[in-house]
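What follows is a short report on a single structure.
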Amino acid sequence: MKHKWKGLLASLALALAAGGVGALLSGGTGEFDSAAKPPLTPPGWVFPAVWTLLYLCMGTAAWRIWELRCGDRELRRSSLRLYAAQLAANALWPALFFGLGLYWAAAVWLAALLALVVWTLLAFRRLDDLAAILMAPYALWCAFALYLNIGVAALN
């Protein structure tokens, strides 16, 4: 049992670290704070709170896939590679959007990230329903973030 807790903590740390890298690469919100924003934009404090919860869900989902001892081993590996790819893409988006102010490029990047997230969710679903359910809020949030990103790009 102790081994499983260590694996879970490592998986959560990895997901949260990706968020931390994204925050560092963003360089802060700078000019975004004064940018025009689309309707439904939540207050600024919502974003770190939601992202923290999403990273915890993502890390738990990946850990569940990692811990599986039955099923298709290659599917597990490819699912975790997809997870790693979307995690890396997630960490780079803030640099495009906040750091460089490349709103349209960030929207394209975010659309690709959303596709990776959905692909990961579907791969996880083939192995573990709960892992897929844990990824679903992340996919929905990325879709909402894409709406916000396109809105900011169009308004600025």
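The chain is numbered in sequence order, starting from 1. Only a predicted model underlies this, so the values are computations on that prediction, with no experimental measurement involved. What's counted below: heavy atoms across the whole structure, side chains too, no hydrogens, waters or symmetry copies.
Pairs engaging residues 40-61 under the salt bridge (charged side-chain N to carboxylate O under 4.0 Å, His left out) rule: none recorded [sequence neighbours left out]. For the salt bridge (charged side-chain N to carboxylate O under 4.0 Å, His left out) condition, no pair includes a residue of residues 32-59, sequence neighbours left out. Among residues at least two apart or in separate chains, there is no salt bridge (charged side-chain N to carboxylate O under 4.0 Å, His left out) pair with a member in residues 7-26. Note on residues 113-133: pairs passing side chain to side chain donor-acceptor pair (under 3.5 Å), not counting sequence neighbours, are R64-D128. For residues 146-156, the side chain to side chain donor-acceptor pair (under 3.5 Å) pairs, not counting sequence neighbours, are W93-N149. Sorted by first and then second residue, the salt bridge (charged side-chain N to carboxylate O under 4.0 Å, His left out) pairs with a member in residues 73-89 read E74-R81; sequence neighbours excluded. Listed by first then second residue, pairs satisfying side chain to side chain donor-acceptor pair (under 3.5 Å) with a partner in residues 102-111 number zero, not counting sequence neighbours.
Minimum interatomic distance between A89 and L116 (heavy atoms only, all atoms of both residues): CB-CD1, 4.2 Å. For the residue pair L114 and A139, the shortest heavy atom distance occurs at CD1-O, 3.4 Å. A131 and F124 get closest at one heavy-atom pair: CB-CD2, 3.9 Å. The shortest heavy-atom contact between S11 and G59 is OG-O, 2.6 Å. Closest heavy-atom contact between L113 and C142: CD2-SG, 4.3 Å.
In this structure, the side chain to side chain contact (heavy atoms under 4.5 Å, CB included) partners of L16, at least two apart in sequence or on a different chain, are T52, Y55, L56. Taking the side chain to side chain contact (heavy atoms under 4.5 Å, CB included) definition, one finds that L148 meets it with P38, T41, P42, F47, F144, sequence neighbours left out. L54 pairs by the side chain to side chain contact (heavy atoms under 4.5 Å, CB included) definition with V50, W51, P137, Y138, W141, not counting sequence neighbours. Checked against side chain to side chain contact (heavy atoms under 4.5 Å, CB included), L100 has the following partners two or more places apart in sequence or in another chain: L96, L102.
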Problem set entry | Chi angles and distances behind the side-chain contact (heavy atoms from CB on, under 4.5 Å) call for L80, W66 | CA-CA 8 Å; L80 290 170; W66 176 264; 3.6 Å; yes
Problem set entry | Full working for side-chain contact (heavy atoms from CB on, under 4.5 Å) between L12 and W63 | CA-CA 8 Å; L12 294 173; W63 170 75; over 6 Å; no
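Atom CG in L121 sits 11.0 Å away from atom CG in L82 (nearest 0.5 Å). L8 CG to K6 NZ: the interatomic distance, rounded to the nearest 0.5 Å, is 13.5 Å.
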Side-chain donor-acceptor pairs of residues 21-28 under 3.5 Å, sequence neighbours excluded:
{"residue": "S26", "atom": "OG", "partner": "A23", "partner atom": "O", "Å": "2.7"}
{"residue": "S26", "atom": "OG", "partner": "G28", "partner atom": "N", "Å": "3.1"}

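Here the side chains of L75 and S78 are in contact, with some heavy-atom distance below 4.5 Å.
Linking Ile, Leu, Val, Met, Phe, Trp and Tyr whenever their side-chain heavy atoms come within less than 4.5 Å leaves V117 and L134 in two separate clusters. Linking ILVMFWY side-chain heavy atoms closer than 4.5 Å, directly or via other members, places L14 and L9 in two distinct hydrophobic clusters. Under a hydrophobic-cluster definition in which Ile, Leu, Val, Met, Phe, Trp and Tyr are linked whenever side-chain heavy atoms come within less than 4.5 Å, directly or via other members, V46 and V152 are assigned to the same cluster.
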